[in-house]
Amino acid sequence: MAGKLSVHIRGNADDLARSACEQLTEVLTDAIDKRGTGSLVLSGGQTPRRVYQLLASPSFHERLDWKSVHLYFGDERMVPPDHPDSNFGMAKHELISHVPVPDTHVHRMRGELPPEDAANEYAAELESIYKKEAPRFDCVMLGIGEDGHTASLFPGTSALRERKQWVSAVFVPRLNAWRLTLTLPVVNNARQVMFLAEGEKKASIVRKVIHAGTPTEELPATLIHPERGELHWMLDTEAAALLSPSRG
Ligand code: 6PG
């Protein structure tokens with residue numbers, strides 16, 4: 001049985017970022033109090049940039065026990081960490097280099113490797129930490145593309161059907177590029193999944209996904225249902241503009 005769905009509509013992009021930081025701080029602090037560590041999977045793309053900047057700012061920086069936080073990545077492009085397209089590179093620039101998270105707690109997908117090697121290496125790193133149990137992250141941050149992709153789970157790709165491997169290397173025809181991505185068994189095992197979407201361009205896809213009656217591979221974000229966790233949509237008013245009042 002999938003966990004509960006919550007939709008949070010929070011003013012403009014700055015209000016959204018602040019609300020997301022409040023929630024991230026709460027879920028990670030609760031995890032650290034209960035289990036000694038907090039595990040956060042960072043999203044790629046541009047939407048989380050504001051969240052990372054705010055999380056690294058004095059108003060939030062001191063509120064988290066960063067030495068007890070582990071940072072992971074939901075997906076990565078096949079580029080080196082210093083490449084402008086690197087999800088790790090953006091997170092490092094905006095967040096990681098500004099907070100005292102131990103280097104050994106930053107679990108980077110090595111996009112500079114051949115795709116399959118990078119996927120196998122990341123899966124092995126997860127297995128070294130979580131052993132044979134699928135990782136149960138405290139929070140997985142996700143963005144959403146206008147085609148309904150999330151992480152690098154794109155419509156029509158093989159990664160959508162992966163139920164054993166925790167990490168997939170996937171060729172995305174639309175991008176003519178390889179990507180690395182956590183797979184659904186891992187994302188859906190999280191204690192909390194947090195979608196972040198802002199701006200009017202996302203309003204249509206947000207409505208399609210949240211209002212979707214049944215999960216469909218045509219809209220990969222509809223396949224995200226943490227079985228034993230919470231699903232949160234954090235939206236600014238523009239991204240939420242097409243939601244019916246009952247969902248807002
Ligand atoms: C990536 C992401 C991807 C992203 C969406 C939204 O590596 O690009 O993981 O799933 O979250 O494409 O991207 P924006 O936030 O830039 O709109």
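When a ligand or atom number is given, it counts from 1 through the structure's own listing order.
Scanning all protein heavy atoms for the shortest distance to atom 13 (O) of ligand 1 gives Gly45 CA, 3.9 Å. Given atom 15 (O) of ligand 1, the protein heavy atom at minimum distance is Thr47 OG1, 2.6 Å. Protein heavy atom in closest approach to atom 6 (C) of ligand 1: Ile144 O, 3.4 Å. Lys202 NZ, 2.6 Å is the protein heavy atom nearest to atom 17 (O) of ligand 1. Atom 8 (O) of ligand 1 has as its closest protein heavy atom Arg77 NH2, 2.7 Å. The protein atom (non-hydrogen) at minimum distance from atom 12 (O) of ligand 1 is His149 NE2, 2.7 Å. With hydrogens left out, the protein atom closest to atom 16 (O) of ligand 1 is Gln46 N, 2.8 Å, a heavy atom.
A salt bridge links Lys34 with Asp30: the distance from a Lys NZ or Arg NE/NH1/NH2 to an Asp or Glu carboxylate oxygen falls below 4.0 Å. At a threshold of 4.0 Å, the pair Glu146-Lys202 does not count as salt-bridged, since none of the basic side-chain nitrogens sits closer than that to a carboxylate oxygen. Ionic pairing of Glu127 and Lys132 is present here: one or more N-O contacts between side-chain nitrogen and carboxylate oxygen are shorter than 4.0 angstrom. Using a cut-off of 4.0 Å between Lys/Arg side-chain N and Asp/Glu carboxylate O, Glu238 and Lys201 are scored as not salt-bridged. Salt bridge Arg10/Asp15: absent, no basic N to carboxylate O contact under 4.0 Å.
Here Asp75 has side-chain heavy atoms under 4.0 Å from ligand 1, and that is the only part of it that gets that close. Only backbone heavy atoms of Ala151 (N, CA, C or O) come within less than 4.0 Å of ligand 1; its side chain stays farther off. Here Glu76 has no heavy atoms under 4.0 Å from ligand 1, in either its backbone or its side chain. Neither the backbone nor the side chain of Leu142 has a heavy atom within less than 4.0 Å of ligand 1.
Only one option out of Glu230, Gln23, His8 pairs with Met194 in a side chain to side chain contact (heavy atoms under 4.5 Å, CB included); it is Gln23.
Using a 4.0 Å cutoff on heavy atoms, Ser152 does not count as a contact of ligand 1. A heavy-atom separation below 4.0 Å is not found between Lys201 and ligand 1.
When ring centroids are compared, Phe154 and Phe171 stay outside the 6.0 Å threshold.
Ring-plane geometry between Tyr122 and Tyr72 is classed as perpendicular, the angle between the planes exceeding 60 degrees on a 0 to 90 degree scale with a lower cut at 30.
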